[in-house]
Amino acid sequence: MSGYRAHLGAAVLALYLALVLAGLWWQLSIGEIAVCLLVALLAGLWPDVDTKSVGQTLFYTLFFAFDLWLIWNEEYKAAAFFGLIILLPILGKHRGFTHSRWTAVLLPCALYGLYVYYRGTFEPRSLSYLLAGISGYFSHLALDRRWI
C-alpha cells in the first residue's frame, strides 16, 4: 500500500505523460497546466477517501466547507443532496467502489460534465482537465495494483 506522497508523485507523472502523449503539454497555458496539476493531485488522492487517510481529511474538510457555503447561500436542497452523496464512500469498504476502474472513468466524466454544464459552454481545451482527472485516478489504482 502506497502512502499519500507516492500517490501524489504518481499523479504528477501520470498527468505529464498523458498530456505529452495527447500532444497538449505545449498547447496549454501555465494556468491551465496548474489546474490540470491540481485536478490530477486530487484525483490521485480520492480513492483513499473511504479510509482514514490524508486524502479523506482533505476531501472531507473541503466537503464541509462547500456544504457550509451552500447553506450560507440558502441552497438547502443542494446542501442536503451533497451531504447525502458525500457519505457514500464512508459507507463502503476500503478498496471497494472507490478503487474501481469504472469509478476512475465515470467520476471524472461526471465532474467534468458538471463543469461544462455550469460553465455554460464547451471548450475543447478543457478536455485536458478530464484527462488530468482520469490519469491521476488511474495512477492511484496502478500503485495499489488495482488497475488490471
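Worth knowing before you read on, the calculation uses all heavy atoms, side chains too, and leaves out hydrogens, waters and symmetry mates. The structure presented is a predicted model; accordingly, all values stated were derived computationally and were not measured.
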According to a 4.5 Å side-chain heavy-atom criterion applied to Ile, Leu, Val, Met, Phe, Trp and Tyr, with indirect links allowed, do F138 and L21 form part of one hydrophobic cluster?
-> no
Within a strict 4.5 Å, meaning less than it, do heavy atoms of the T61 and L58 side chains meet?
-> no
I86 vs F66 side-chain heavy atoms within contact, under 4.5 Å | no
CD1 on I134 to CG on L15, rounded to 0.5 Å | 12.0 Å
Could you tell me which non-hydrogen atom of A79 sits nearest to which non-hydrogen atom of D67, and how far apart they are?
-> O-OD1, 3.0 Å
Which pairs pass side chain to side chain donor-acceptor pair (under 3.5 Å) with one or both residues in residues 36-46, sequence neighbours excluded?
-> none
Any side-chain heavy atom of D144 within less than 4.5 Å of one from H99?
-> yes
Looking at OG of S53 and CZ of F59, how far apart are the two atoms once the value is rounded to the nearest 0.5 Å?
-> 9.0 Å
Indicate, with yes or no, if the rings of Y60 and F63 have centres closer together than 6.0 Å.
-> yes
Answer yes if L38 and V49 sit in the same cluster of Ile, Leu, Val, Met, Phe, Trp and Tyr residues linked by side chain heavy atoms under 4.5 Å apart, and no otherwise.
-> yes
With a 4.5 Å limit on heavy-atom distance, are the side chains of I90 and Q56 in contact?
-> yes
Hits for side-chain hydrogen bond (donor to acceptor under 3.5 Å, both in side chains) against D50, two or more places apart or cross-chain, chain-then-number order -> H94, T98
Could you tell me whether the side chain of T103 and the main chain of R101 form a donor-acceptor pair under 3.5 Å?
-> no
For E74, what residues pass the salt bridge (Lys or Arg N to Asp or Glu O under 4.0 Å) criterion, not counting sequence neighbours?
-> none
Shortest non-hydrogen pair, A104 vs L141, comes out as CB-CD1, 3.8 Å
Atom CG in L70, atom NZ in K77: separation rounded to 0.5 Å?
-> 14.0 Å
Mark yes or no for whether S135, through its side chain, and A132, through its backbone, hold a donor-acceptor pair below 3.5 Å.
-> yes
L106 and L45: same hydrophobic cluster, using ILVMFWY side-chain contacts below 4.5 Å?
-> no
What residues, two or more places apart in sequence or in another chain, satisfy salt bridge (Lys or Arg N to Asp or Glu O under 4.0 Å) together with R5?
-> none
Mark yes when over 12 heavy atoms from residues, nucleotides or ligands other than L87 sit less than 6.0 Å from its CG; otherwise mark no.
-> yes
Can I get a per-line list of side-chain donor-acceptor pairs under 3.5 Å for residues 111-124, giving both atom names and the distance, sequence neighbours left out?
from, atom 1, to, atom 2, distance (Å)
Y112, OH, S126, OG, 2.7
R119, NH2, E123, OE2, 3.3

If you measure from CG on L8 to CG on L37, what distance do you get to the nearest 0.5 Å?
-> 9.5 Å
May I ask you to list the residues sharing a hydrophobic cluster with F64, side-chain cutoff 4.5 Å, ordered by chain and number?
-> L68
Can you tell me how far SG of C36 sits from CG of L28, rounded to the nearest 0.5 angstrom?
-> 5.5 Å
Is it true that L41 and Y4 fall in one hydrophobic cluster, defined by side-chain heavy atoms closer than 4.5 Å?
-> yes
Where A40 and A11 come nearest, the two heavy atoms and their spacing | O-CB, 3.4 Å
Shared hydrophobic cluster, L88 / L107 (ILVMFWY, side-chain heavy atoms < 4.5 Å) | no
Within-4.5 Å side-chain heavy-atom neighbours: E32 and Y129 = yes
Do the side chains of H7 and L143 get nearer than 4.5 Å, heavy atoms only?
-> yes
Where is the tightest heavy-atom contact between G136 and S139, given as atom of each residue plus distance?
-> O-OG, 2.6 Å
Heavy-atom pair of closest approach, residues P47 and G44 | CD-O, 4.0 Å
